[in-house]
Structures are given as structure tokens and as C-alpha cells.
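Taking it in order: structure first as C-alpha cells, then the write-up.
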Amino acid sequence: MGFEWVVRDVHKLRDFVEGRGPLSIDIENDRGVDGAAGEVDESSATADDFDVLKHSPIIGDNKFKLEIARTSPPTEGATQVAGTKPDTLSLYITCLMLDSTYADYEMSASMMTAVKCQDDRVGERGARPDWVWENWQSDWVFREGNEVWACSLPPLSALIENNSRVRDTDSLVICVQIHCPLGPFFPSHPSAYYVPKDLLDGLEASLDNPNTGDVRFVCLERYKPDVVPLTPTEASPSATQRPASSMSSYSHSSQMTARKRIIYAHSDILTRRSDYFATMLSSSFAENQGHIPGERKVHTIVVEEADFETIYWLLKYCYANWLLLKEVDDPRAAVDGVGAGWSANWLHARGGEWDWKIFNKVGMTEDLESRSATSGEEGVPSPPAGAPQASQPGMPSSDSNTMRAGSSTRTPSTPSRATTKTNTIAPSTRQSTSSSETTSPGSSRRTPTTMPINIPATRPKQAPSSVVIPRQSSYASVPPPATHYPPVSPRASRIRGSSGLTIGSTPDPHVHPTPPPSPASALSMYQIAHRYTMPRLANLALEHMMSTITPQTSFALLLATSTWDDLHGMVEDYVVEKWDEVAVSEEFERCCDEVAAGEAQPNFIRGLATVVADANDSKFRIPVIDFSKFRKASSSKEKQETANEIVDAFKQSGFIYVSGHGIPSGTVSNVFQKSAEFFKLPTEVKDKLAWEDPRSNRGYVRIGRERVTQSQDAAEIAQLRTKAPDYKESMEIGRDWDSEWRNMWPQEGDAPAFKSTMLAFYQTCHDLHVEMMRSIALGLGLEERFFDQKIDKQCHNLRLLSYPSIKRSLLDGEDQARAGAHSDYGTLTLLFQDMVGGLQVRNPNTGSYIAATPIPGTIVINVGDLLSRWSNDVLRSTLHRVVAPSHKVSDSEAITPQRQSIAFFSNPNFDAEISCLPNCGTEPKYPPVNTEDYIVGRLSMTYT
Ligand SMILES: O=C(O)CCC(=O)C(=O)O
Ligand SMILES: [Fe+2]
């Protein structure tokens, strides 16, 4: 949104503002607007005499109030001598959207303030402002206490002195533009003016006008078998083998059917829209000074890097600022497109100049990188080197009019009065690729191509041969005029070209201006926009790609974009985020097949490995699941959904955070309290309760007695335990009514209410375990109470854990940890941790650990080995460990804080036989095992 004040009587206003008269009010306290400021000055003018000071327009749908007022220049400390600087006008923008009820409300905006001369020169109309002064403010945030943005305008006397038009017209215009994300914005930049639509239409219509254009783009138009079907008799097998739109293979096709097309453009427009064209065209026209007066110079650009469609829409963007891009792109075709070994230079071949021809690709052995590098980044090219490209050795050239670049020779034999000059926009790599089959891959990515090089005078592997294509509209939606394709043969109808302009030895049979072709490939456009230094166009193409990307298309796009770091990074993020869907896409499977068949490039395989690893890493997360949706589900659907969520997470990472578990926080904190009290007991008291037997698994375990590990080798565990014991102590509690094994309770006097608290908590955890197992049953497609009878005997183990505060350095050593990497043994572990942190979970795909950072109010629940085994490894029992907490108060902090946690290791009934569950694969991986045998077996190896 914007506003303009036309200020007349500038001299008078200057006298008023700078008129040495005292301000009538204190501007520091009141900005002196609304007619109140400057009531009197020496010339006896008042603020009311000036519209600019009287009105406070409100713009942008009541969002902003604008005011201009007379202000003193800012004081620069106490030494400021009053009156040394004249007063000025200041602009104030007040945001009216801020509401004190919403103190956090913020609105960001960018402001442009400018002064221009009034456009009242005779005959000049429209908006071509001469900015006398401008000020840009970007990313200003209006918020409570910061509602007003102010900006001082330059002294009026300076404006008058420095600008004769202000002086002469005694007027100026103050302009304000505000851009904020909430409202419409126009214009965005001083060079964006209101331009009459018909003027723009005229400009747009001048694209491809052979009568006025002075730049001629020679392009290859790719034949699209899916658009113009070949009749069986006409079809060349090689032309129909591979439809252009298929993404059939990353190994590129060696043949393409295409024909020559020409588009006319204007150097005046191109040079202003692209630095690349500016450099190329200005120098080439400068060189061409010697042309005959009265003759129009026509500069020919043989496009090496894009096809007709792409060039057409690129030019459309140059002329009209809009273009059409394909909804569904074919990234493989784009990277394998014109430029990737195909050349419009081969058009000079035997056969009809304008006929469809089969082209054989050069440099088929070149690797992907060198091919991608043909679209080198935005280097501004030097003028093209002059190199011959018209006559290719061994190939008859039918284009007698094409000349060496740099030559100003005209061709008198052509009916046209246009002198022509040819530049080939070709990457430097092309030189070597076409001279040798074994191209050096040295043209690395992101090397700017500094100079367009003419195509070297070598012929393609095989001269193009003509193919007869039915002469009909290429695109049903845009039927070309009848003259577009002559009824007999292009050569026989040379006069019928709409312009009558003959460029080569035969007249152009295509109508000009050409009807729009089908939309361009966004990736091709992105490439060529970089090449032609058109960053805004490149951005449009990028936006288009990222808004049309799907899991199905993303993998091909990922492979096709390796040259472009920005785009590639965005595509990679997408692939990683949508990995589940991408990994089952057809395109991904095809790539895997190529890898398996040894067809893929090594760097592609490396790239793939990185992406897969990243994707696996990003997939490997510990989700927070609200279990109340299961416990209190209002429908079986809701229950099932939560169950699925839980089972999915257990399949992926084996770990979840559970909120809404129903255990009051007071209960948990009380258990922590009692646990802490217990561990504070003297060692000799605790040692009397010592853990003795794995079959009991009850009692106090002092520091160093346990070494959890994945190893099941007793000798190895013993060695580890000696070398790197776990730095923790624990208290193990079993079911209290066991006939064989007794819990080791401390004296009530030593630890008041310890026993009762723990027994109650034991029951609470058991109940939650039952519910959780019900959700797993549902999630596995079993009957909800499938596990009920198998877990009701409460053969669990409640473990109170205390990790003493120790030197960080002790935890830094290899294999050292508060608790070494291990998996748990039973069905589920319910883990309650304090806020210290240090628990880490290992991603089995990458080997890296992620932190299971404590989340208040949640319980960490993970799958144990027995449940994993029960489910035939469908549910994952994941390695985890406890290390020093990641956060330190300071770098020098040498001591880790003490940590407490409480684990409830749930088990199936000890007499339960664990054998492969239904719905968990057809082949059981493990023989059945008795729960007690398994658990006791594991425990006996862990302890000393
Ligand atoms: O203390 C913790 O956070 C985890 C302990 C653990 O994993 C275990 O004891 O099995
Ligand atoms: Fe554990």
C-alpha cells in the first residue's frame, strides 16, 4: 500500500519549516501534527497553510496512519547548539492494528519513503519518477510500545538547492510505500509503476515478430510421440522406443527426434532482462558496426541448452513477466534435454532443413557431472568467441546464411534484407565433449561458464536423418494457423511461411509469432534461468518445483538436481521428510533396480546412501503419544487409531513417550522422593538388602555390580564389568506375594512408607502395562485382551535407580556410561526419569544415538527383547544407554549432576511360553522360550 503527498509552494514550506521561528509546541512530546504544529513563524504562515501538514491519511484498510510534521533535528548529546541544523519534515507511520488486549501481537512491515519531482513537463505523462531522495526500512516490527515508525526527510532547503526541477516547479512529491505480509502490496519497488495494460499487451505481442526482432533464437523442438503420434508406416522405431515423457531410466537415451524452430526477440528487451544477454548482445552488436546502412542486423543465437518450449517461455517471461510451467515435470528428460549432448547446431544436416530429424547424441560416455555442468551457474559470459559452426566437416550444410561469429559479412543471396550473425550459447564443456567420446569429467559442478563457446566443428556420431511426422498441430489446445505446416513438404511451400522471411536456404515454414507451445519444464527453466543470469525466473521455477513436488516425483528430481545446491537441498529435505512414501514410489524402485543392475553412477549411489541414512535418521524419532485417547476412547475407531500409532512407533524406533497415562504426577514425585531417601541410607544399611540371585532379582545393587550390555557372553560381560562398570546403584523390587522370593525391604524406621509407596506404585505400573499391552494387541490386529491372561501374574521388576554425581571425565572413556548400551529383557519398560537427562536411544539404521530428553509428565516406554521376540521382531527392542547429560552449566563443569530414574520392567507371566504371535510373519524366527528361563538367563549374566 502506498500514499503520495503532492507538496506545492515548497519554498514557502521551507520558510515555514526552517523559518527560524520558534515551534509553537514541544515536538519532542507531541509530534505537532493535526494542525497544531508551527502556529506562527516569521513569514506568518501556519501549518494550516500546508495540506501536507494538515492531513493524516489512514491507509491500508485502517491499518496505518500517516503523518508529516515539522521536527527539530535529533540532538546529539548535550553539546548540541540549538539552531545549528534546520528543522525538517518527518514522516510518522502509526500502526493502528495493535490491540492492548493482545500484548504479544506484532506486525512486521517494510517501508519506503521517497521524494520525487512532480511530473509536469510538457508532453510527459505516466509515472517515471526521478527519485530525489529515498529511504528504505525493511523488517520493522510494530508492537506494543513500538507503534510508531518515524523517518526524517532531508531539509527542504537542500532539496531545493540540489534539484532544479523542485526549484523550478516549486513542488515535490513525498511518497510512502508500506509492505506488510497482511495486506496487498503495490508497488513494491520504485521501478514498478502503473503501466497501461494495452502497453504491456503490445510489448507481449512483439515476441517472435520477424519484422522487428533483431535476435533470432534457433532452437531444437523436441518431438513428442505422445502428442503427435507417428503412423506405423512413418514411425522410426528409434523415435518411438522411448516416449519423451517417461522417466524410464537414468541411463540416458542416445537418440532424439527434433526439428528446427526459430523465435525472434528484441535485443532492447533481452539486454534489460538478463545480464547474460546484455553482455553478449552489446559486444556482438558493437563488433558488427560495419553493416550496411538501412539493413537490419539480426543476431542469431543457436541455443544449446534448452529446447524450443523452454526458450519460448523464457522469452515470454522476458516480455510479459509471466510464463507457463508444466504441472507434472519429467526431471530426467530435463537433465537429458537439449544441451545434455544434443545440439541445435546439428540442424545443418542433409535432409530438409525444417524436417523432423533423428539426432544422435554426442559424448554418450560423458558422466553426469560434466553433463550437468553445461548449465554452469550465473557467470556473466564474455562475448562469444568466434568459431565456425555452420559447416560441419563431412556434413553438407544447407544453411549458407549462417556465418562465423564476429564476422559482419552479410549474405546477399538471401531474400531477406537481414544480415545475420551467429552465436552459439554453448558451455565450454561442449568443446571437449564433442571432440572426444571420452570426455574429461573435470568440468565440475557449480563452475560458472564464463564464455559461450561456439559449437566445435565436429559432427555428431551420426548425421541426423529425416523422419516424416504428420503435419498437424503439435498441441491440440493451441491449433496453429493453417500455414503452420504446409500440406506437402516444407520446402515446396517456402513462400507460405507467414513472414516470408527466409533464414536458411529454405524459408521458415512456421508461423510467427508462434502459437504458445505446451508449458515448459520447470527444471529446464531453472537451468536456463541460471545460465542466462535471471535469478527471479530461476526462483519462479524453483517455487514451482517445490510446490508441485510429490513423493512420486521427488526422487527423480533429487537425482536430476545434484548440480544445484539450493534446489537439491530443498528436494533432499522433502525426500527425507516424506521418506516413507518416497521409498515405496515406482521411481525409487527403478533407481534401486538400476543400482542393483550396476547401471547407476557411483556418485548417485553415494548420494542415495546419504539420503537413505538421513531419511532413516529423521524417521527415527520418539513420538509423544497421548494414551488417554486409548484409555478413554470415545469410539473404537479412536482406540484403534491410538493403538496403531503406538504399534507403528514400536515398529520404527521401539520407544515412545506416553502422556495421558493416568498416573498422577504426585504419585510419581512421591515415589522419586521415597527412592531418593532410600539411596541416602548408609551403605551398610543398603548392603544388608543386597541383591543375591537372578531368579529373585530383588534387593539392592551397589555401584559396579551390574554391567548392562548386549553381550550374552558371560566372560565378555565379566571383563566389561571390570573395565567399565555402570556408574549407578539400584533397588530391585518384585511382586511381594511370591512364594519363593522375598522382597528386601528396608526397616520402616530407616525408610518410612517406602514399602507401601513402592507396592502401590508396582500395582499402578502393572495396571498401565496391562492397558499398554491391550493397545499393542489391537495395533497388531489381535483381540484387545489377547495378552491379558499372559501377563496377569505380575512377574515384573520395579527398579529404583540412582546415578551418583561423578566426574564427567569418568564417563568420557570408551564404553563408559552411567548405563552401557543394552536392550531390556521383558515386554515393556515404563521409564520415569527426572529432568537431568542422559538417556539415549540408538538408531539401528545409522548407529547414531538420539537423546530421549525428559519431557515432564510423560513416561518413556520401550519394547523389551521378549516382546520383540514374541512379535517375531515386528516390534523393535532398541538399544539404549545412559550417558552424561548433554547440558552443562559451563564448559568447565567437571561433575555431572546426580540423576534418578525409575524403571518398571514388565514381563509376561513367568510360566508363559513365548512363541511367534499371530499376524507377525509366516516364518517364526525363534523357537518358543519360557519366560522365566529367558529372563533369569539374561539377568544372571548381567550381575556379579
Ligand atoms: O535410567 C534410565 O534412564 C534408563 C535405565 C535403563 O535403561 C535400564 O535400567 O534398563
Ligand atoms: Fe534399559
Side-chain angles (χ1 to χ4, degrees), residues 622 650 653-658 668 671-672 675-676 678-679 691 694 697-712 717 720-721 724-734 765 769 796-806 811 816-842 844 849-856 858-868 875-887 896-907 934-935 938-939 941-943:
I622 307 176
F650 282 157
S653 65
F655 267 75
I656 57 177
Y657 290 100
V658 172
V668 179
V671 177
F672 270 86
S675 170
F678 171 79
F679 286 114
W691 184 98
N697 197 25
R698 287 162 171 82
Y700 170 70
V701 183
R702 67 180 150 70
I703 293 171
R705 268 196 85 184
E706 187 189 18
R707 181 35 156 110
V708 285
T709 167
Q710 234 9 52
S711 173
Q712 299 203 17
I717 297 173
L720 252 182
R721 196 166 38 230
D726 287 349
Y727 286 97
K728 66 169 190 232
E729 55 184 333
S730 67
M731 177 64 174
E732 316 287 333
I733 299 162
C765 290
H769 173 244
H796 315 304
N797 163 229
L798 172 64
R799 168 185 286 187
L800 314 179
L801 280 149
S802 168
Y803 300 88
S805 157
I806 59 161
L811 293 178
Q816 296 283 17
R818 281 185 147 164
H822 67 281
S823 54
D824 297 338
Y825 308 152
T827 49
L828 295 175
T829 303
L830 318 185
L831 183 77
F832 303 80
Q833 45 177 343
D834 65 14
M835 293 310 290
V836 172
L839 177 64
Q840 292 184 331
V841 179
R842 185 172 180 272
Y849 278 88
I850 59 165
T853 309
I855 302 179
T858 65
I859 308 172
V860 172
I861 299 189
N862 61 292
V863 172
D865 291 340
L866 254 190
L867 180 55
S868 184
L875 306 179
R876 183 173 265 169
S877 172
T878 310
L879 286 183
H880 52 284
R881 66 183 183 189
V882 183
V883 296
S886 53
H887 64 270
T896 61
Q898 194 228 347
R899 176 173 186 267
Q900 251 190 288
S901 68
I902 293 162
F904 185 77
F905 298 107
S906 320
N907 293 318
Y934 182 87
I935 299 283
R938 294 290 298 272
L939 284 170
M941 283 195 268
T942 314
Y943 288 90

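Positions are given from 1, in the same order as the sequence printed here. Just so it is clear, the values below take in all heavy atoms, side chains as well, and ignore hydrogens, waters and symmetry mates. Predicted model, so just to flag it, every value in this text is computed and none were measured. Just so you know, ligand 1 is whichever comes first in the structure, and atom 1 is the first atom listed for that ligand.
Close approach of ligand 1 to Phe905 is summarised as follows: ligand atoms under 4.0 Å from at least one heavy atom of the residue are 8 (C), 9 (O), 10 (O). Atoms of ligand 1 found under 4.0 Å from any heavy atom of Tyr803, numbered from 1 in the order shown, are 1 (O), 2 (C), 4 (C), 5 (C). Atoms of ligand 1 found under 4.0 Å from any heavy atom of Leu801, numbered from 1 in the order shown, are 1 (O), 5 (C), 9 (O). When each atom of ligand 1 is checked for a heavy atom of Val882 under 4.0 Å away, the hits are 1 (O), 2 (C), 3 (O), 4 (C).
A salt bridge is absent between Glu729 and Arg702; no separation between the charged side-chain nitrogens and carboxylate oxygens falls under 4.0 Å.
Contacts of His822 with ligand 1, taken as heavy-atom pairs under 4.0 Å, involve the side chain alone. By the criterion of a heavy-atom distance under 4.0 Å, the side chain of Leu831, and not its backbone, is placed next to ligand 1. In Val860, neither the side chain nor the backbone holds a heavy atom less than 4.0 Å from any atom of ligand 1. Only side-chain heavy atoms of Ser901 come within less than 4.0 Å of ligand 1; its backbone N, CA, C and O stay farther off.
When all heavy atoms of Ile861 and Phe650 are compared, the closest pair comes out as O-CE2, 3.5 Å. Here the closest heavy-atom approach between residue Ile656 and residue Val658 is recorded as CD1-CG2, 3.4 Å. Residues Leu801 and Phe679 come closest through the heavy atom pair C-CE1, 3.9 Å.
Distance CG/Leu831 to CZ/Phe904: 13.0 Å, rounded to 0.5 Å. Here the straight-line distance linking atom CD1 of Ile733 with atom OH of Tyr700 works out to 13.5 Å at 0.5 Å rounding. Within the model, atoms CZ of Arg899 and OG of Ser805 stand 13.5 Å from one another, a figure rounded to the nearest 0.5 Å.
Distances shorter than 4.0 angstrom occur between a heavy atom of Arg799 and an atom of ligand 1. Taking 4.0 Å as the cut-off, Arg899 counts as a neighbour of ligand 1 on heavy-atom distance.
Looking at residues two or more places apart in sequence or on another chain, you find a side-chain contact (heavy atoms from CB on, under 4.5 Å) between Asn862 and Phe655, Asp824, Thr829, His880. Looking at residues two or more places apart in sequence or on another chain, you find no ring-ring contact (aromatic ring centres under 6.0 Å, His included) involving Phe905. By the side-chain contact (heavy atoms from CB on, under 4.5 Å) test, Gln840 is found to be paired with Tyr849, Arg881, Val883, residues two or more places apart in sequence or in another chain being considered.
Taking only nitrogen or oxygen atoms, main chain and side chain alike, Asp824 reaches within less than 3.5 Å of ligand 1.
Protein N/O/S atoms closer to the Fe ion (ligand 2) than 2.8 Å number 3 in this structure.
Using modelled atom types, one finds no donor on one side chain facing an acceptor on the other under 3.5 Å when comparing Gln900 with Asp834.
The side-chain contact (heavy atoms from CB on, under 4.5 Å) test with Leu875 is passed by exactly one of Val863, Leu828, Thr827: Val863.
Taking all heavy atoms of His880, Gln840, Arg881, Lys728 into account, the minimum distance to atom 7 (O) of ligand 1 is reached by His880.
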